[in-house]
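First up is the structure itself, then whatever we jot down about it.
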Protein chains: 2
Amino acid sequence: MTKTQGVRKRANGVESRQRILDAAARISGERGYEGTSIAAVSAACGLPASSIYWHFKDKDDLIAAVIERSFDTWLASVILPPEETGTGLERITTMAAGVAKSLMDAPDFLRLGLMLALERRPAEPRGRTVFLQVRDTARARIAEVLPELFPALDDNAVQTLTTYTMAGADGLFVQREITGDTIDLVPLFELHAQLVYEAARRMTDRSP
Amino acid sequence: MTKTQGVRKRANGVESRQRILDAAARISGERGYEGTSIAAVSAACGLPASSIYWHFKDKDDLIAAVIERSFDTWLASVILPPEETGTGLERITTMAAGVAKSLMDAPDFLRLGLMLALERRPAEPRGRTVFLQVRDTARARIAEVLPELFPALDDNAVQTLTTYTMAGADGLFVQREITGDTIDLVPLFELHAQLVYEAARRMTDRSP
DNA sequence: TTCCAATTAGAGTGATCACTACATGAAGCC
DNA sequence: GGCTTCATGTAGTGATCACTCTAATTGGAA
């Protein structure tokens, strides 16, 4: 029996799960955890609430799944180009531009993540934990890149610069969310990369 | 028939309003707009819901009042020390340290503000609008400071550096919120000030 | 005293929340 | 056909939401 693309949609768990996640990602990316109601997700994806609860244990599980799905996509952008592609400055500038592009393509992930991260509720949502893990992985990537470009950097300086690099990325993203979609993050991220690069260079000069 | 203006502590009106705002600031700073329920504020301040609605028109009005109250306090920290206190770098480093201290003293304001700013709900809360106005004022302050220290900077560079300065402040604040209260923002803000200073200096060197 | 207005207390409104019980339907396998 | 599993549909559950109504209390003014 061939799969007819007919009007009558037959029960399709995988596709329904994706539709639920799409709707939940959009709504939670716009309104945060508390602002995302199951009824709204249900209306947006066209499936009843009971279907959502068949695919996901509870609301917490749904939000966590939203974060997890964007996980790999986003982390793939945090990569330093190989050595033969250019100078150190060129490489981290390209890396920064790549992160900027991925953030502009799919801002819901970081927007929801930052909202979850800023909240301090008594029972921490699992989505927040997952987001912080992704963040730590991204942070570790940067902490590996810096000594590769500046072997003379001591560990303390690497930690400080890593923190500063992450902060700049978050802050520039927030800036775009506030000011509007017209702002292009790429040149700002490139500037950020250059400033971090210069700072690292000066730090190595100081402690030979 | 002249309504005497000198109203004493007629009842606990003024004090009650402050208690409500204190409770609302703490709760909304921890859980955001949707996460702040009138019942929770009522329990935290010891006054019934009807009293909250006597002092404030609705929830939106309450949250906006929370933002407005922190307004002046916070803006007062965004000030460049006078010229005779040191070199340009020293002055903006001191300014950055002051902002860092004020953010660590009262993080609820910026945490709530950033949560409001990131949200994109159909009906924008008034608190969000107020927060963005405060932000614009702070931004204007920075945009005035930069040409004072670097008269040769063109307007485009000033705008870019201002955006980058704000972004760094936001991002470092977020970093502290995520990593925990043990992190000291002051040295990170000072580093940020130095990097912006160096960037501005190099920009003026490039276009004399 | 009496009156008035500023607050507060308490009870209650309908709406919406996350979540569930249960029946129904569709496909695969025999 | 019958049986099972996957998935959806219907119709709720009690709890909590923002908000309101009205009566009580309070202190100052007349």
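Residue numbering restarts at 1 for every chain, and letters A, B, ... go by the order of the sequence lines.
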Quiz item: With distance as the sole criterion, do the side chain of A:Ser51 and the base of D:dA7 form a donor-acceptor contact below 3.5 Å?
Solution: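 Check fails, no donor-acceptor contact within cut-off.
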For DNA chain C, determine which residues of [range] have any heavy atom closer than 4.0 angstrom to one of its atoms, and list them numerically.
range                     : answer
residues 35-44 of chain B : none
residues 19-34 of chain B : none
residues 52-69 of chain A : A:Tyr53, A:Asp58, A:Lys59

Quiz item: Who pairs with B:Tyr164 by ring pair (Phe, Tyr, Trp, His ring centres under 6.0 Å), at least two apart in sequence or on another chain?
Solution: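 Here the qualifying residues are A:His192, B:His192.
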Compile the donor-acceptor pairs under 3.5 Å between side chains in residues 42-50 of chain A and protein atoms, sequence neighbours left out, one pair per line.
from	atom 1	to	atom 2	distance (Å)
A:Ser42	OG	A:Leu47	O	2.6

Quiz item: Starting at CG of A:Leu47 and ending at C1' of D:dC6, how long is that distance when rounded to a whole Å?
Solution: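 So the two atoms are 14 Å apart, to the nearest Å.
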Go through the structure and list residues passing side-chain hydrogen bond (donor to acceptor under 3.5 Å, both in side chains) with [X], not counting sequence neighbours.
X       : result
A:Glu34 : A:Arg121
A:Asp22 : A:Arg69
B:Arg31 : none

Quiz prompt | Pairs touching residues 126-138 of chain A that satisfy salt bridge (Lys or Arg N to Asp or Glu O under 4.0 Å), sequence neighbours left out | solution =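 The answer is A:Asp61-A:Arg126, A:Glu68-A:Arg126, A:Glu124-A:Arg128, A:Arg135-A:Asp170.
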For residues 76-84 of chain A, run the donor-acceptor check on the side chains, cut-off 3.5 Å, and write out each pair with its distance to 0.1 Å, sequence neighbours left out.
from	atom 1	to	atom 2	distance (Å)
A:Ser77	OG	A:Trp74	O	2.7
A:Ser77	OG	A:Ser102	OG	3.1

Quiz item: Is any side-chain nitrogen or oxygen of B:Ser16 closer than 4.0 Å to OP1 or OP2 of C:dT8?
Solution: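 Checking C:dT8 against B:Ser16, a side-chain N or O does come within under 4.0 Å of OP1 or OP2.
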Exercise. Could I get the full list of side chain to side chain contact (heavy atoms under 4.5 Å, CB included) partners for A:Asp155, not counting sequence neighbours?
Key: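 Partners of A:Asp155 under the side chain to side chain contact (heavy atoms under 4.5 Å, CB included) test: A:Gln159.
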Quiz item: B:Ala193: what forms a side chain to side chain contact (heavy atoms under 4.5 Å, CB included) with it, not counting sequence neighbours?
Solution: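 Side chain to side chain contact (heavy atoms under 4.5 Å, CB included) list for B:Ala193, sorted by chain: B:Ile92, B:Thr93, B:Ala96.
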Exercise. Please confirm whether B:Phe71 and B:Phe109 have ring centers closer than 6.0 angstrom.
Key: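 Between B:Phe109 and B:Phe71, which both carry aromatic rings, the centre distance is not below 6.0 Å.
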